[in-house]
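Taking it in order: structure first as structure tokens, then the write-up.
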Amino acid sequence: GGIEALLPHARALLDTGQHLQLGYQVLLRTLSAANRPDEMEAEAERWLAAAPDDAATYREIARIWEQRGDLERSLRVLQRGRRHLGRSDALALELGVAYAHLGDVARAVEELDRALGESAGTLLVVRRWLGQVADPAPVVDALVARLEQPPTTRDRRNAAFEIAVDAGLG
């Protein structure tokens with residue numbers, strides 16, 4: 001009964017081999033809800049072995065650890081993903097948010113700045129995630145300053161303004 005009754009269904013979904021992402025998402029979320037972190041860790045490793053080059057795999061596993069309140073483990077998964085993917089911009093948004101949750105303002109700003117880039121194309125997503133940080137003010141202040149720092153672009157200045165307005169600084 002209960003949440004654990006979903007486990008055989010999640011495993012059956014994985015056994016078909018057709019819905020890897022969905023099957024592991026359901027399995028890990030079910031194990032998390034059933035408070036079985038050791039099994040969750042083992043299944044997360046199996047998922048990473050099955051899809052090591054998919055950023056979404058690292059993102060989803062990190063999100064589940066974050067939702068469990070294990071921010072350090074979430075951060076480790078994201079860092080591992082960046083190393084494996086071999087791109088300095090990989091998972092920048094998620095790393096920025098993880099650092100913000102942990103109170104590491106300098107690293108949060110560095111990663112969020114990287115995620116925004118010159119065109120600030122991920123602005124809406126950054127704004128949404130900043131709204132979920134318990135105390136975003138230090139990160140927002142530093143990020144706004146960074147975005148306005150020369151050399152900058154009009155898009156980055158506009159992003160700084162919108163982030164400041166969201167935070168009540170404008």
Side-chain angles (χ1 to χ4, degrees), residues 20-22 24-149 156 159-160 162-169:
L20 186 71
Q21 191 87 3
L22 179 61
Y24 274 113
Q25 284 177 357
V26 171
L27 181 59
L28 265 60
R29 289 185 178 280
T30 303
L31 289 168
S32 178
N35 199 27
R36 291 164 66 171
D38 292 340
E39 288 177 66
M40 192 181 131
E41 178 76 32
E43 293 297 344
E45 288 301 319
R46 278 194 264 293
W47 187 7
L48 288 170
D53 299 327
D54 185 357
T57 301
Y58 297 95
R59 187 178 294 120
E60 182 63 21
I61 293 168
R63 187 175 299 125
I64 295 169
W65 286 117
E66 177 191 326
Q67 290 169 346
R68 288 186 57 77
D70 195 337
L71 300 177
E72 292 288 339
R73 193 175 303 193
S74 175
L75 178 62
R76 286 193 304 270
V77 169
L78 294 169
Q79 290 169 331
R80 178 179 170 186
R82 173 170 286 167
R83 281 190 309 273
H84 182 80
L85 296 170
R87 293 189 345 260
S88 64
D89 65 336
L91 303 166
L93 173 63
E94 294 81 3
L95 281 160
V97 172
Y99 286 125
H101 281 305
L102 291 166
D104 189 336
V105 173
R107 284 186 171 158
V109 168
E110 180 182 332
E111 294 297 341
L112 292 172
D113 182 31
R114 183 176 287 139
L116 285 164
E118 293 205 12
S119 67
T122 58
L123 176 61
L124 293 177
V125 179
V126 169
R127 288 169 58 193
R128 181 174 56 99
W129 279 104
L130 282 173
Q132 296 178 12
V133 173
D135 181 18
V139 173
V140 167
D141 290 344
L143 181 58
V144 166
R146 178 82 160 271
L147 292 171
E148 293 176 336
Q149 190 175 32
R156 287 170 62 81
E162 289 186 41
I163 290 169
V165 167
D166 283 351
L169 304 175

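Note that the coordinates shown come from a computational prediction; the quantities given were computed from them, not determined experimentally. All residue numbers in this chain count up from 1 along the given sequence.
- In this structure, CD on E39 lies 8.5 Å from CG on L27, to the nearest 0.5 angstrom.
- No side-chain heavy atom of V133 sits less than 4.5 Å from a side-chain heavy atom of V139.
- Here the closest non-hydrogen pair linking A108 and G96 is CB-O, 3.4 Å.
- What you find for A160 and E148 is that their closest heavy atoms are CB-CG, 3.7 Å.
- Across E118 and R156, no two heavy atoms sit closer than the pair O-CG, 3.5 Å.
- With a 4.5 Å cut-off on side-chain heavy atoms, L130 and D166 do not count as touching.
- Under a 3.5 Å cut-off, the side chain of Y58 and the backbone N or O of Q79 do not form any donor-acceptor pair.
- In this structure, CZ in R82 is found 15.5 Å from CZ in R80, a value given to the nearest 0.5 Å.
- Two residues are said to be in side-chain contact when any heavy atoms from C-beta on lie closer than 4.5 Å; W47 and Q21 meet this criterion.
- Rounded to the nearest 0.5 angstrom, T122 OG1 and L112 CG are separated by 8.5 Å.
- Put simply, the side chain of E111 does not reach to within 4.5 Å of the side chain of V97, judged on heavy atoms.
- Between A167 and V140, the closest heavy-atom pair is CB-CG1, 3.5 Å.
- Rounded to the nearest 0.5 angstrom, T57 OG1 and L20 CG are separated by 7.0 Å.
- E60 and R63 are joined by a salt bridge, as a carboxylate oxygen and a charged side-chain nitrogen come within less than 4.0 angstrom of each other.
- Between the CG atom in D70 and the CE atom in M40 there is a gap of 8.0 Å [rounded to 0.5 Å].
- The NE2 atom of H84 sits 11.5 Å away from the CG atom of L91 when rounded to the nearest 0.5 Å.
- In terms of heavy atoms, L75 sits closest to A98 at CD1-CB, 4.0 Å.
- Formation of a donor-acceptor pair under 3.5 Å by the R68 side chain with backbone atoms of S32 is found in this model.
- The nearest pair of heavy atoms linking E66 to L71 is CG-CD2, 3.7 Å.
- Salt-bridge formation is not detected for the pair E110/R107: no Lys NZ or Arg NE/NH1/NH2 atom is positioned less than 4.0 Å from an Asp or Glu carboxylate oxygen.
- Salt-bridge check for E41 with R76: failed, with every basic side-chain N at 4.0 Å or more from each acidic carboxylate O.
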